[in-house]
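Input: a single structure, listed below in structure tokens.
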Amino acid sequence: MHINLLPLSEEHSADISALAMRSKAHWGYSSAFMQQCAHELTYSKTQIAHKDFHFIGAFTSSGSQALTPLGFYAIQRLSAEKAELLALFVSPSVIGCGVGKSLLQHAISAAKLHHFKAMLIHSDPHAAAFYAKNGAKRIGSQPSGSIAGRELPIYQILL
């Protein structure tokens, strides 16, 4: 499978929001849980176009069909030296096939190109092992913005 990593535009807003929901739901979360966090998994056209955000999609092309998004990431500038990996989602059909790792490596390279010194990751608990395996260090936790009483691990990658 050949993967192309390409910048996303405002027209990808609905596609990546739907992809984020499918990817999150893959971990067996209830529909009530998914409804509670839907706002956190929605990426607006304004957000995608904003200078403090960097959205990249993973695409594959097959024959004459249009490019199909397999995953994406988003980096948000927090300060001159720090960024956050705001999102990294992969289609359930390719989880475990290296798409997520390619996206994360690209995000790290992009953050370095922007001269950030560190990248924070507010991880889903199901993705924590993925980030740890790929060089992120756990630095704490924070309450979920969607679900009361739920704690989310925080990781950091020094660049």
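Computed from a prediction, not measured in an experiment: that's the story for all the values here.
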Fill in: Flag, side chain of S79 to backbone of E81, donor-acceptor distance under 3.5 Å
yes
Worksheet, complete the sentence: Heavy-atom closest pair (A107 atom, L85 atom, distance to 0.1 Å) is CB-CD1, 4.0 Å
Worksheet item: Are any non-hydrogen side-chain atoms of K82 and Q156 less than 4.5 angstrom apart?
Response: yes
Worksheet item: Any idea which heavy atoms bring P125 and E151 closest together, and the distance?
Response: CG-O, 4.3 Å
Fill in: hydrophobic_cluster_shared for L86 and L120, side chain cutoff 4.5 Å
no
Discussion item. Using the ring-ring contact (aromatic ring centres under 6.0 Å, His included) definition, which of the options Y131, F89, Y29 pairs with H126?
Written reply: Y29
Worksheet item: Would M34 and W27 show up in the same hydrophobic cluster when neighbours are defined by side-chain heavy atoms closer than 4.5 Å?
Response: yes
Practice prompt. Report the distance from atom CZ of R22 to atom OG of S93, rounding to the nearest 0.5 Å.
Written response: 8.0 Å
Worksheet item: How long is the span from the CD atom in E10 to the OG atom in S44, to the nearest 0.5 Å?
Response: 9.5 Å
Item to complete: Using the six-membered ring wherever Trp is involved, compare the ring planes of H114 and F116 and label them parallel, tilted or perpendicular (cut-offs 30° and 60°).
Response: parallel
Worksheet item: Given the rule in the side chain to side chain contact (heavy atoms under 4.5 Å, CB included) test, do T60 and N4 qualify, once you have shown the distances and angles that lead to the verdict?
Response: CA-CA 6 Å; T60 184; N4 297 307; over 6 Å; no
Discussion item. Would you compute the distance between atom CZ of R77 and atom NZ of K51 and round it to the nearest 0.5 angstrom?
Written reply: 7.0 Å
Item to complete: Assert yes or no for the condition that the ring centre distance of Y43 to F72 is strictly below 6.0 Å.
Response: yes
Item to complete: May I ask you to test the D15-L19 pair for a side-chain heavy-atom distance under 4.5 Å?
Response: no
Worksheet entry | Donor-acceptor contact below 3.5 Å, side chain S91 vs main chain V94 | no
Worksheet item: Checking side chain to side chain contact (heavy atoms under 4.5 Å, CB included) for the pair I154/H122: CA distance, chi angles, key distance, verdict?
Response: CA-CA 5 Å; I154 301 172; H122 294 87; 3.6 Å; yes
Worksheet item: Is atom NE2 of H39 surrounded by more than 12 heavy atoms (other residues, nucleotides or ligands) closer than 6.0 Å?
Response: yes
Practice prompt. Find out whether L152 and S141 are in side-chain contact, i.e. whether some heavy atom of one side chain is under 4.5 Å from a heavy atom of the other.
Written response: no
Discussion item. With rounding to the nearest 0.5 angstrom, report the OG to CD distance, S17 to E40.
Written reply: 12.5 Å
Worksheet item: Can you name the salt bridge (charged side-chain N to carboxylate O under 4.0 Å, His left out) partners of R150, sequence neighbours left out?
Response: D124
Worksheet entry | For the student: nearest non-hydrogen atoms of L8 and G57, plus distance | CG-N, 3.5 Å
Practice prompt. Can you see which heavy atom on L5 is nearest to which on S102, and at what distance?
Written response: CD1-O, 3.9 Å
Worksheet item: Does I16 share a hydrophobic cluster with F53, counting links as ILVMFWY side-chain heavy atoms below 4.5 Å and allowing steps through other members?
Response: yes
Worksheet item: Are I157 and I121 side-chain neighbours, meaning at least one heavy-atom pair lies under 4.5 Å?
Response: yes
Worksheet item: Are E84 and I75 close enough that some pair of their side-chain heavy atoms sits under 4.5 Å apart?
Response: no
Discussion item. Let's go through I95 and H26 carefully: what are the C-alpha distance in whole Å and the side-chain angles of both, what is the deciding distance for side chain to side chain contact (heavy atoms under 4.5 Å, CB included) to 0.1 Å, and is it a yes or a no?
Written reply: CA-CA 9 Å; I95 288 176; H26 168 78; 3.4 Å; yes
Worksheet item: Any side-chain heavy atom of I56 within less than 4.5 Å of one from H106?
Response: yes
Worksheet entry | Non-hydrogen side-chain atoms of F55 and H12 separated by less than 4.5 Å | no
Discussion item. To the closest 0.5 Å, what do you measure between OG (S13) and CD1 (I48)?
Written reply: 4.5 Å
Worksheet entry | Spacing of NZ belonging to K101 relative to CD belonging to Q105, to within rounding of 0.5 Å | 5.5 Å
Fill in: Heavy-atom side-chain contact between L41 and K24 under 4.5 Å
yes
Discussion item. According to a hydrophobic-cluster definition based on side-chain heavy atoms being under 4.5 Å apart (Ile, Leu, Val, Met, Phe, Trp, Tyr only), do L78 and I108 belong together?
Written reply: no
Worksheet item: Does S23 reach the main-chain N or O of V90 with its side chain, forming a donor-acceptor pair under 3.5 Å?
Response: yes
